[in-house]
Amino acid sequence: MTAAGEPVRPRPLPEVSVRSGDPDEARDVGTRVFHSHRVTVLGDASRFAMTLDAASLGPLTVGWLSYDTEVRIESAHDGHYQVNVPTAGTLTVTSAGRNAVAGPGAAVVHVPDRAAVFSGWATPAPVLALRIAQPALEHELEQLLDRPLRHPVDLDLGMDVSTGRGAQWLALVRSLATDLADENALVRQPMVAAPFTHSVMCGLLLTALHEHRDELAAPAPAAGPSVVRQARDYIEANADRPVTVAEIARACGVGVRGLQHGFQRAMDTSPTEYLRHVRLRCAHRDLLLADPATTTVEAVAQRWGFPHRGRFAARYRQRYGVPPAETLRQRP
């Protein structure tokens with residue numbers, strides 16, 4: 001909240017940025033961006049206004065939703081999972097006979113095609129809302145389990161995002177909402193977008209409560225040395241593409257967790273870290289060969305999927321002993 005008592009609005013997102021005092025228009029916009037629903041004003045109707053900023057990245061839609069007075073929303077989440085996290089105040093939710101209260105450290109998770117009723121915004125403040133296409137999330141789970149699902153995954157209504165994995169996952173989603181406010185953000189580039197969306201979906205499946213959590217936590221048989229070598233060759237050949245661990249595992253005919261355990265056993269690293277190692281080597285080569293008059297460190301970092309220049313520079317210096325800018329200046 002600001003000193004004047006107005007809710008702080010996050011930076012507008014470029015695809016949808018709407019503020020409306022008309023309940024019908026607010027419902028129509030919310031339906032178009034997230035899901036079909038009905039809004040009932042519980043607070044002062046004269047103060048009613050809805051603010052929504054949203055953007056999409058592949059199967060993900062992320063946004064900030066707020067109302068200036070308390071409302072009740074009746075919704076159906078057709079074909080999508082959705083996670084809502086208030087930045088202040090609470091949301092009280094009922095769905096399929098289950099109840100949950102969401103706040104800044106607690107999220108509510110909606111599953112496809114299950115009606116829900118929730119009320120909130122007695123304290124007008126943005127809710128961070130994430131929608132995930134059902135086929136994408138369930139495909140991600142199948143990759144992790146290395147088998148097909150027999151039925152849609154039923155995520156628990158409540159999810160702790162105050163500590164541990166939950167807090168880490170929330171930070172990832174917040175960074176997505178922040179980065180997408182820039183139409184030229186690196187996260188919109190395919191080299192960064194594919195692994196980022198994979199991380200968001202995989203992180204949710206490893207954090208939320210559901211019937212497959214114990215199976216995901218159980219050790220998987222490690223891929224053998226020959227499979228690890230095959231995966232290394234695949235990474236070397238495709239490092240210039242937006243590959244994910246799931247794609248690498250699929251190309252080698254193994255499951256994601258088996259591949260991860262195989263890399264850990266054989267190389268004391270992960271497939272993701274090995275891919276980053278290969279890309280760092282490629283960036284080093286490009287910096288050695290580039291003309292500093294026409295090339296920048298940032299351009300090379302972007303080319304090889306490093307979204308944060310500071311982290312790229314730190315990794316580069318740790319590996320090669322000098323800042324990347326110094327390598328660029330030392331063109332032979």
Side-chain angles (χ1 to χ4, degrees), residues 58-60 81 132 135-149 153 155 159 163-173 175-176 187 190-282 304-308 311-312 315 318-319:
L60 311 180
Y81 293 88
I132 305 175
L137 187 68
E138 293 177 357
H139 178 71
E140 190 72 31
L141 181 56
E142 289 179 335
Q143 295 289 328
L144 291 173
L145 296 172
D146 194 26
R147 63 172 176 79
L149 293 176
V153 58
L155 303 178
M159 184 172 76
T163 60
R165 284 183 177 178
Q168 294 167 19
W169 181 82
L170 178 58
L172 190 66
V173 178
S175 72
L176 175 63
V187 75
M191 285 283 283
V192 179
F196 199 103
T197 57
H198 163 76
S199 296
V200 170
M201 292 188 290
C202 182
L204 176 61
L205 292 167
L206 293 172
T207 302
L209 297 176
H210 55 86
E211 62 185 300
H212 305 288
R213 266 282 297 272
D214 290 344
E215 188 176 351
L216 291 179
S226 63
V227 174
V228 173
R229 286 194 297 271
Q230 182 183 355
R232 288 177 58 186
D233 291 343
Y234 189 88
I235 289 171
E236 295 276 355
N238 294 276
D240 60 340
R241 295 180 46 250
V243 294
T244 63
V245 177
E247 177 187 333
I248 298 166
R250 187 165 57 249
C252 298
V254 297
V256 169
R257 291 183 301 139
L259 182 66
Q260 290 171 331
H261 290 317
F263 261 78
Q264 199 64 45
R265 175 181 293 180
M267 302 180 63
D268 195 27
T269 191
S270 68
T272 299
E273 190 59 33
Y274 185 77
L275 174 60
R276 193 176 290 121
H277 167 87
V278 171
R279 286 176 171 167
L280 191 63
R281 172 168 27 96
C282 293
W304 290 105
F306 294 96
H308 301 285
R311 294 178 194 170
F312 169 71
R315 285 180 174 274
Q318 183 180 22
R319 174 79 179 279

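The environment of Arg319 atom CZ is dense: over 12 non-hydrogen atoms of other residues, nucleotides or ligands sit within 6.0 angstrom. Counted within 6.0 Å of CZ on Arg311, heavy atoms from surrounding residues, nucleotides or ligands total 12 or fewer; the atom is thus considered open. Shown here is Arg165, whose CZ atom has no more than 12 heavy atoms of other residues, nucleotides or ligands within 6.0 Å.
Within the model, atoms NE2 of His212 and CG of Leu206 stand 13.0 Å from one another, a figure rounded to the nearest 0.5 Å. Expressed to the nearest 0.5 Å, how far CD of Glu215 lies from CG of Leu141 amounts to 8.0 Å. Between Glu236 atom CD and His277 atom NE2 the span is 7.5 Å, to the nearest 0.5 Å. How far CG of Leu275 is from OH of Tyr234: 11.0 Å, rounded to the nearest 0.5 Å. Atom CD of Gln264 is separated from atom CD of Glu273 by 10.5 Å, given to the nearest 0.5 angstrom. The line from CG of Leu137 to CG of Leu60 is 9.5 Å long, rounded to the nearest 0.5 Å.
Contact between Ala223 and Leu259 at its shortest, heavy atoms only, is CB-CA, 4.2 Å. When all heavy atoms of Arg257 and Ala220 are compared, the closest pair comes out as CB-CB, 3.8 Å. Nearest heavy atoms, Leu280 versus Phe312: CD1-CE1, 3.7 Å. Contact between Ala239 and Arg279 at its shortest, heavy atoms only, is O-NE, 2.8 Å. The two residues Ala208 and Leu155 make their nearest non-hydrogen contact at CB-CD2, 4.2 Å. Looking at every heavy atom in both residues, Met191 comes nearest to Asp240 through SD-O, 3.4 Å.
Put simply, the side chain of Leu204 reaches to within 4.5 Å of the side chain of Met159, judged on heavy atoms. Side-chain contact between Val256 and Asp146 is absent, with no heavy-atom pair separated by less than 4.5 Å. Inter-residue side-chain proximity for Leu144 and Cys202 is flagged as met; some heavy-atom pair is nearer than 4.5 Å. Considering only heavy atoms from C-beta on, Asp268 stays 4.5 Å or farther from Phe263 through its side chain. Proximity of His261 to Pro221: side-chain heavy atoms (C-beta onward) are nowhere separated by under 4.5 Å.
Residue Cys252 forms a side chain to side chain contact (heavy atoms under 4.5 Å, CB included) with just one option from Arg232, Gln230, Glu247, and that option is Gln230. When each of Val243, Ile248, Thr272, Val245 is checked for a side chain to side chain contact (heavy atoms under 4.5 Å, CB included) with Ile235, only Ile248 meets the rule.
By the side chain to side chain donor-acceptor pair (under 3.5 Å) test, Arg213 is found to be paired with no residue, residues two or more places apart in sequence or in another chain being considered.
His139 and Gln143 are linked by a side-chain donor-acceptor pair at a separation below 3.5 angstrom, with hydrogens and angles left out of the test.
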Checking Arg250 against Glu142 for the salt bridge (Lys or Arg N to Asp or Glu O under 4.0 Å) test, could you report, in this order, the C-alpha distance in whole Å, the side-chain angles of both residues, the deciding distance, and whether it holds? CA-CA 11 Å; Arg250 187 165 57 249; Glu142 289 179 335; over 6 Å; no
